[in-house]
Structure formats: C-alpha cells, structure tokens
> 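Quick one: the structure is below, questions incoming.
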Amino acid sequence: MKLLRFLTILTIMFAPTIICRAEMADMVLVVKTESKLYLIKNDRTIKEYHVVFGANPKGHKFTEGDERTPEGRYILDYKKNDSSFYKAIHISYPNEQDKQKGKQAGVNPGCCIMIHGQKNGLGWFSWISQRFNWTDGCIAVTNSEMDDIWNSVNVGTPIKIVP
C-alpha cells in the first residue's frame with residue numbers, strides 16, 4: 001500500500017513536467033505579410049505566434065538603420081539572456097550574400113537582428129506594442145511567447161523569413 005501511494009505521488013509530481021515539456025522545432029518560418037512566426041517540426045506547424053517587425057517592414061533589410069527585417073534563410077545562432085529586451089535569440093544576419101551586397105553598394109548591412117520579447121520593464125505594455133511595427137528590424141513577441149519560443153528552439157535551428 002505504501003509503495004502504491006509513493007508511486008501515485010511521484011506520478012502526480014512529475015506528470016506535469018513530462019506533459020508540459022516543449023516540443024522542439026526543427027525550423028522557424030516567419031511570414032512578414034501575415035505577421036506570423038511558425039514553429040515547424042517535420043514539415044508540420046506545431047505553434048504559431050503573432051509578431052511585429054521593424055518600423056519599415058516591407059522589403060529585405062539592406063542597410064543599418066533602414067528599420068527593415070531581413071528576408072531569406074538564416075540560422076538561430078545564439079541565445080541572449082541579458083538583452084535590453086526580454087530574452088533574445090540572434091538571427092545570423094547578415095549572411096555572406098548580404099555582406100557582399102552591402103559591400104558592393106558601399107553600405108553597412110547592419111547586424112544584431114533577433115527574435116525578442118518586450119523592452120525590459122515594459123512587458124505589461126505588449127497589449128499595445130504588439131499592434132504595430134516598432135523594432136529596428138527585429139522580430140518581437142510578448143514575453144510569455146518568448147519563453148515558449150526560447151524553450152522550443154535550439155541554437156542552430158534554421159529560420160526562413162519570407163515577404
């Protein structure tokens with residue numbers, strides 16, 4: 001009887017951890033015209049989020065300060081806990097093609113494009129800030145969504161950003 005009670009208690013304690021473990025995505029897809037970020041696993045959408053972009057969202061990022069979000073294929077190459085925003089996952093922009101285009105045009109293509117939550121201390125404001133494009137070219141979500149994305153992607157996960 002004691003063993004049965006012990007096993008029941010263990011099941012109750014650990015079942016939520018097992019059930020709530022995030023399903024890991026093997027790709028991230030961002031569709032700018034839909035303002036959506038999709039977590040993909042085995043060619044199937046496992047989660048989707050409303051996102052906002054740079055203040056000038058149409059078109060591919062070309063130069064630092066143009067407030068555009070890049071388009072193309074990149075890698076989520078590191079996670080940053082100590083960002084100015086609530087958590088951040090870096091996108092490997094600029095890639096070699098972006099750098100070459102910038103060099104040919106004599107411009108800096110920019111850098112530091114991330115998926116991130118809200119500005120630190122302003123998470124409560126996301127009910128308004130997630131209604132318009134406000135970043136400098138990053139992809140923004142609410143803080144709770146950022147926690148979910150953070151737990152669902154590994155460093156090295158590919159990301160595709162399309163118009």
> So which heavy atom on D66 is nearest to which on K61, and how close?
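In this case the closest contact between D66 and K61 is OD1-NZ, 2.9 Å.
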
> Kindly compute the distance separating CE (M114) from CE (M146), expressed to the nearest 0.5 Å.
10.0 Å

> Look at the side chain of E145 and the backbone N and O of T142, then say whether any donor-acceptor pair between them is shorter than 3.5 Å.
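Present.
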
> What do the steps show when you test Y86 against N81 for side chain to side chain donor-acceptor pair (under 3.5 Å), and what is the final call?
CA-CA 8 Å; Y86 181 77; N81 263 323; over 6 Å; no

> Report yes or no: do Y93 and D77 form a side-chain donor-acceptor pair below 3.5 Å?
no

> What I'd like to find out is whether the side chain of I75 reaches to under 4.5 Å of the side chain of P158, using heavy atoms alone.
yes

> Over all heavy atoms of both residues, which pair between C138 and C112 is shortest? Give the atoms and the distance, please.
SG-O, 3.7 Å

> Please report the interatomic distance CD1(I115) to CD1(I139), rounded to the nearest 0.5 Å.
5.0 Å

> So, does N95 use its side chain to make a donor-acceptor pair with the main chain of Q97 at under 3.5 Å?
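Flag set: sc N95 to bb Q97 pair under 3.5 Å.
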
> Can you give me the closest heavy-atom contact between P70 and G137, atom names plus distance?
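That closest heavy-atom pairing would be CD-O, 3.9 Å.
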
> Start with the C-alpha gap between F85 and Q118, add the side-chain angles, then the distance that decides, and say whether side-chain contact (heavy atoms from CB on, under 4.5 Å) holds.
CA-CA 5 Å; F85 297 87; Q118 302 297 296; 6.0 Å; no

> Quick one: pull up CD1 in I113 and NE2 in H90 and give me the separation to the nearest 0.5 Å.
7.5 Å

> For V155 versus Y78, what's the shortest heavy-atom pair and its separation?
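Where V155 meets Y78 most closely, the heavy atoms are CG2-CA, 3.9 Å.
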
> Regarding E48 and T45, do their side chains bring together a donor and an acceptor under 3.5 Å, going by distance alone?
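No, no side-chain donor-acceptor pair sits under 3.5 Å.
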
> To the closest 0.5 Å, what do you measure between CZ (R73) and CG (L29)?
9.5 Å

> Does I149 form a side-chain contact (heavy atoms from CB on, under 4.5 Å) with I89? I'd like the steps, not just the answer.
CA-CA 9 Å; I149 295 166; I89 305 173; 4.1 Å; yes

> Could you check whether any side-chain N or O of K80 sits under 3.5 Å from a backbone N or O of H116, counting only pairs where one atom can act as donor and the other as acceptor?
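Between the backbone of H116 and the side chain of K80 there is no qualifying donor-acceptor contact (under 3.5 Å).
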
> Does the pair E71/K58 count as a salt bridge with the N-to-O cut at 4.0 Å?
no

> Would you say K87's side chain and N143's backbone share a donor-acceptor pair under 3.5 angstrom?
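It does not hold such a pair.
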
> Quick one, L76 with I91, criterion side-chain contact (heavy atoms from CB on, under 4.5 Å). Give me CA distance, side-chain angles, the key distance, then yes/no.
CA-CA 5 Å; L76 299 176; I91 298 169; 3.8 Å; yes

> If you round to the nearest 0.5 Å, how far is CG of D148 from CD of E23?
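The distance works out to 11.0 Å.
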
> As a quick check of understanding, evaluate side-chain contact (heavy atoms from CB on, under 4.5 Å) for V30 and V162, giving each step before the final call.
CA-CA 6 Å; V30 176; V162 298; over 6 Å; no

> Do L39 and V153 have side chains that approach each other closer than 4.5 Å (heavy atoms only, starting at C-beta)?
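The answer is yes, as the side chains (C-beta and beyond) meet within the 4.5 Å cut-off.
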
> Do you know the tightest heavy-atom contact between G117 and W134?
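Taking every non-hydrogen atom into account, O-CH2, 4.4 Å.
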
> Considering residues, nucleotides and ligands other than K160, do more than 12 of their heavy atoms fall under 6.0 Å from its NZ?
no

> Nearest 0.5 Å, what's the OG-CG distance between S152 and D26?
12.0 Å

> Scan side-chain atoms only and decide if E64 and N108 contain a donor-acceptor pair under the 3.5 Å cut-off.
yes

> Which heavy atom in F53 sits nearest to a heavy atom in N133, and how many Å separate them?
N-OD1, 2.8 Å

> Between the main-chain N or O of Y38 and the side-chain N or O of K47, is there a donor-acceptor pair closer than 3.5 Å?
no

> In the structure I gave you, are the side-chain heavy atoms of V28 and I40 within less than 4.5 Å of one another anywhere?
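Contact flag for V28/I40 side chains = no.
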
> Does NZ in K103 sit with more than 12 non-hydrogen atoms of other residues, nucleotides or ligands closer than 6.0 Å?
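At most 12 heavy atoms, drawn from other residues, nucleotides or ligands, come within 6.0 Å of this atom.
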
